[in-house]
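If you're wondering where the values come from, they're calculated on a predicted model, not measured in any experiment. So you know, we letter chains A, B, ... as the sequences are listed, proteins then strands, and number each from 1.
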Number of protein chains: 2
Amino acid sequence: MSRQRKQAGSRTTIRDVAAKSGVSVATVSRVLAGNYPTSEDAKKKVLAAIDELNYVMNAHARGLAGQGTRTIAILVEQVTSPFYAAVAQGVEEQAAAGGRLCLICTTHGDPAQELALVNMLRDQGTDAVIIVGGITPSREYEIRMARYAESLNAVGSVLVLCGRPRLDADVPHLVVAYENEEGAYAATNYILSKGHEDVIFVGGVEGISTTDDRVRGFRRAMQERGLPTEGRVLLGSHREAFGRTAVQERLARGRDFTAIVAYNDHIAAGALLAVRQAGLRVPEDVSVIGYDDSLLASNLTPALTSVAVPAQELGRTAVRRALEHQDGDVRDPSQVVTLATHVVVRDSVARPRA
Amino acid sequence: MSRQRKQAGSRTTIRDVAAKSGVSVATVSRVLAGNYPTSEDAKKKVLAAIDELNYVMNAHARGLAGQGTRTIAILVEQVTSPFYAAVAQGVEEQAAAGGRLCLICTTHGDPAQELALVNMLRDQGTDAVIIVGGITPSREYEIRMARYAESLNAVGSVLVLCGRPRLDADVPHLVVAYENEEGAYAATNYILSKGHEDVIFVGGVEGISTTDDRVRGFRRAMQERGLPTEGRVLLGSHREAFGRTAVQERLARGRDFTAIVAYNDHIAAGALLAVRQAGLRVPEDVSVIGYDDSLLASNLTPALTSVAVPAQELGRTAVRRALEHQDGDVRDPSQVVTLATHVVVRDSVARPRA
DNA sequence: AGAGAAGCAGTAATCGGTTACTACGTTGAT
DNA sequence: ATCAACGTAGTAACCGATTACTGCTTCTCT
């Protein structure tokens with residue numbers, strides 16, 4: 001209500017620019033868009049007037065007239081996680097490269113909030129909605145998300161899922177994934193190649209796709225060598241605190257492992273703490289491998305060996321595909337692009353003793 | 001270009017809803033806005049039609065017609081910094097509480113980009129533009145930013161500066177700060193209270209307000225005890241790498257200090273590395289104190305004593321004040337709200353030996 | 001020199017909401 | 001019965017950009 005407009009100066013419009021430079025509004029618009037032949041003379045005059053009047057285009061007017069919003073939205077659980085921050089960074093960069101603004105929204109891991117945001121974003125006319133992170137699959141969720149994907153498409157927008165499986169429904173959407181199962185498989189194999197046989201997997205939330213995938217990779221590597229995984233997968237959360245308590249409790253029951261494959265670097269950090277608290281050393285007594293290769297990994301003591309996920313690249317790829325798709329030149333939209341992960345070797349893994 | 005509209009179904013507009021429910025577009029708009037008396041009957045019919053047609057309002061049309069966007073923008077250097085991420089988190093939470101979306105933009109520390117973004121954001125109809133982080137003051141920048149602040153106000157939007165001094169110009173804008181000088185003063189005093197006398201300050205960028213403030217706090221604490229600060233302030237960047245090399249070089253020239261006050265936790269992490277590389281121990285040989293109390297601090301070895309900055313609270317306060325201001329009930333807009341910082345004691349500071 | 005093409009600029013319709021203004025029907029007071 | 005007041009609904013003029021369509025030059029080719 002306190003919003004008063006049309007005061008004294010009001011707003012500088014394309015018409016003011018046209019008047020000042022002595023050309024028509026159409027010409028001004030064309031100079032701005034640059035998609036129509038315009039004489040050098042007119043161009044110069046318009047640019048001068050724009051500069052002098054300090055004119056900025058009204059995004060709403062442009063959006064309304066059919067140019068799209070030129071924004072891209074990204075939905076993450078929380079921005080304070082280094083992994084999501086890095087993905088967001090990638091999205092932001094690529095969006096900027098494509099002349100788009102980047103809208104970052106947080107869902108706090110709540111599927112309902114996620115749906116509400118997608119719904120809202122669609123109204124805003126975002127060019128693309130990128131959802132990052134694993135999800136607990138549920139029938140109802142799938143159905144509603146498919147409806148939204150459909151309506152996003154209806155308004156010329158694109159839904160991109162990052163690090164999460166395709167929707168079941170036959171609705172156009174893009175998927176950019178990174179190796180979860182493969183990464184955990186590689187991490188476990190790296191540990192096993194050092195001679196470990198008693199390995200546990202710690203962290204992650206049961207039922208969330210990312211967790212399930214990593215656990216699967218762990219199991220596969222173990223089973224290929226005929227090692228047991230029964231009772232060796234400790235799920236709970238992806239927070240550092242869980243890593244600490246889970247390992248503490250396990251150690252209290254007796255040390256029946258020589259290596260830990262952590263769900264992520266936070267868990268690994270917690271595990272490190274618990275191991276040290278128990279008077280054991282890393283990697284001499286217990287080896288630990290993390291996941292994500294976040295900022296944390298290189299700063300822990302010992303520096304953490306971790307699976308590097310190309311987080312920024314993930315964000316960039318998501319945007320790139322979304323924009324390509326908007327322009328209609330994605331070969332196969334239903335194809336899942338999967339980015340590779342690799343083990344970054346530091347100091348937290350060694351051969352087991354004896 | 002590939003954006004084809006007016007296809008088959010086209011877009012469901014308020015007119016479709018009006019037609020379906022047998023009322024006028026004005027009535028539909030009023031039901032949606034809820035700011036005009038409408039009969040229960042009409043309301044019910046409109047709502048039913050909206051539901052049935054799966055109608056969503058076009059944000060551009062609404063924005064163009066002068067209703068504001070209900071979004072809040074935050075400008076930070078980069079989202080991957082834990083500090084900025086935490087502020088952004090706070091902004092996002094409070095914005096959501098106020099029914100606003102949160103637009104996060106990155107400036108990469110470039111004042112020109114910052115200005116360009118503010119300029120652009122104003123026309124998006126953002127309710128508030130929050131700029132976080134210190135800045136190199138420059139006359140030209142001040143003038144342009146003041147102009148933008150003015151034009152933001154003209155369209156009913158608010159400019160909020162976070163952790164940066166007020167604009168010189170007499171232009172309405174809000175400032176939420178946190179103690180920089182006081183924090184560094186407290187950190188230094190904490191170190192001094194342990195008996196240290198040879199202390200150096202490492203990190204930060206010359207000329208940026210945040211750095212200058214922290215250095216001032218350091219100097220004040222030292223001078224109050226009659227200790228020299230000449231040649232004891234090492235500026236360069238706020239990255240970990242700088243912390244490492246700066247301390248390495250200093251140590252190479254001889255160990256003339258027993259404690260380090262770091263510009264932030266990243267610098268502290270680098271310093272820790274350099275100290276250890278030189279065969280010295282923390283805190284036995286050298287004490288280190290950080291700033292920001294980021295995630296990093298508690299995970300370093302030894303756990304880093306650091307100055308806690310209420311980053312999330314900073315974001316929340318910024319949004320709260322902005323929305324209050326829009327509603328016209330901020331008592332004194334020119335008042336700078338300053339949030340307190342405090343030293344979080346961990347294991348990286350000890351008495352100097354002998 | 002005249003016809004046709006090409007290059008550039010202008011007019012005005014349009015996007016989808018909001019809202020000032022007008023109009024209508026009902027109620028209540030005189 | 002008449003008129004004022006009130007509550008509700010409708011008409012149409014905006015908001016500021018885009019762009020189809022039209023028209024005027026200028027240039028080229030015969």
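Listed by chain and number, the residues in a salt bridge (charged side-chain N to carboxylate O under 4.0 Å, His left out) with Asp51(A) amount to none (sequence neighbours excluded). With sequence neighbours excluded, no residue forms a salt bridge (charged side-chain N to carboxylate O under 4.0 Å, His left out) with Glu140(B). Considering only residues two or more places apart in sequence or on other chains, Thr317(A) meets the side-chain hydrogen bond (donor to acceptor under 3.5 Å, both in side chains) condition with Glu313(A). With sequence neighbours excluded, no residue forms a side-chain hydrogen bond (donor to acceptor under 3.5 Å, both in side chains) with Thr38(A). Annotation: side-chain hydrogen bond (donor to acceptor under 3.5 Å, both in side chains) contacts of Gln78(B) (sequence neighbours excluded): Thr80(B). Residues passing the ring pair (Phe, Tyr, Trp, His ring centres under 6.0 Å) test with His60(A), sequence neighbours excluded: His60(B). Legend: residues meeting salt bridge (charged side-chain N to carboxylate O under 4.0 Å, His left out) with Glu142(B), ordered by chain and number and at least two apart, are absent. Shown here are the side-chain hydrogen bond (donor to acceptor under 3.5 Å, both in side chains) partners of Glu93(A), two or more places apart in sequence or in another chain: Gln312(A), Arg316(A).
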For nucleotides 24-28 of chain D, give me every protein contact, N/O to N/O, under 3.5 Å, one pair per line with atom names.
none

Please produce a list of atom pairs where a protein N or O lies less than 3.5 Å from an N or O of nucleotides 8-11 of chain C.
from: dA9(C); atom 1: OP1; to: Ser39(A); atom 2: OG; distance (Å): 2.5
from: dA9(C); atom 1: OP2; to: Ser39(A); atom 2: N; distance (Å): 3.2
from: dA9(C); atom 1: N6; to: Tyr36(A); atom 2: OH; distance (Å): 3.0
from: dG10(C); atom 1: OP2; to: Ser24(A); atom 2: N; distance (Å): 2.7
from: dG10(C); atom 1: OP2; to: Ser24(A); atom 2: OG; distance (Å): 2.9
from: dG10(C); atom 1: OP2; to: Thr27(A); atom 2: OG1; distance (Å): 2.8
from: dG10(C); atom 1: N7; to: Arg30(A); atom 2: NH1; distance (Å): 3.2
from: dG10(C); atom 1: O6; to: Arg30(A); atom 2: NH1; distance (Å): 3.4
from: dG10(C); atom 1: O6; to: Arg30(A); atom 2: NH2; distance (Å): 2.6

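To the nearest angstrom, P of dC15(D) lies 9 Å from CG of Leu64(B). Per the geometry, CG belonging to Asn35(A) stands 15 Å off P belonging to dA17(D), to the nearest Å. One atom, CD of Glu40(B), and another, P of dG7(D), lie 15 Å apart when rounded to the nearest Å. Atom pair Ile14(B):CD1 and dA12(D):C1' shows a separation of 14 Å (rounding to whole Å applied). Rounded to whole Å, atom P of dC15(C) lies 18 Å from atom CE of Met57(B). Atom CG in Leu32(B) sits roughly 11 Å away from atom C1' in dT18(C) (whole-Å rounding). Rounded to whole angstrom, the span from the CZ atom of Arg15(B) across to the C1' atom of dT14(C) amounts to 11 Å. Between the C1' atom of dG16(D) and the NE2 atom of His60(A) lies a distance of 11 Å, rounded to the nearest Å.
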*Report the C-alpha distance between Asp16(B) and Tyr55(B) in whole Å, list the side-chain angles of each, state the deciding distance to 0.1 Å, and finish with yes or no for side-chain contact (heavy atoms from CB on, under 4.5 Å).*
CA-CA 9 Å; Asp16(B) 299 325; Tyr55(B) 164 82; over 6 Å; no
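Judged as a salt bridge (Lys or Arg N to Asp or Glu O under 4.0 Å), the pairs with a partner in residues 152-176 of chain A (not counting sequence neighbours) are, in order, Glu114(A)-Arg164(A), Arg139(A)-Asp168(A).
For Arg62(B) and dG16(C), a side-chain-to-base donor-acceptor distance below 3.5 Å is absent, hydrogens and geometry of angles not being considered.
Among the heavy atoms of the strands lying under 4.0 Å from Ser29(B) is at least one base atom, whether or not backbone atoms are also near.
Each end of the helix from dA1(C)-dT30(D) to dT30(C)-dA1(D) gets its own axis, taken as the rotation carrying the C1' atoms of four end pairs onto the next four within a five-pair window, and the two axes meet at 50° to the nearest 10 degrees.
Heavy atoms from other residues, nucleotides or ligands lying under 6.0 Å from NZ of Lys43(B) number more than 12.
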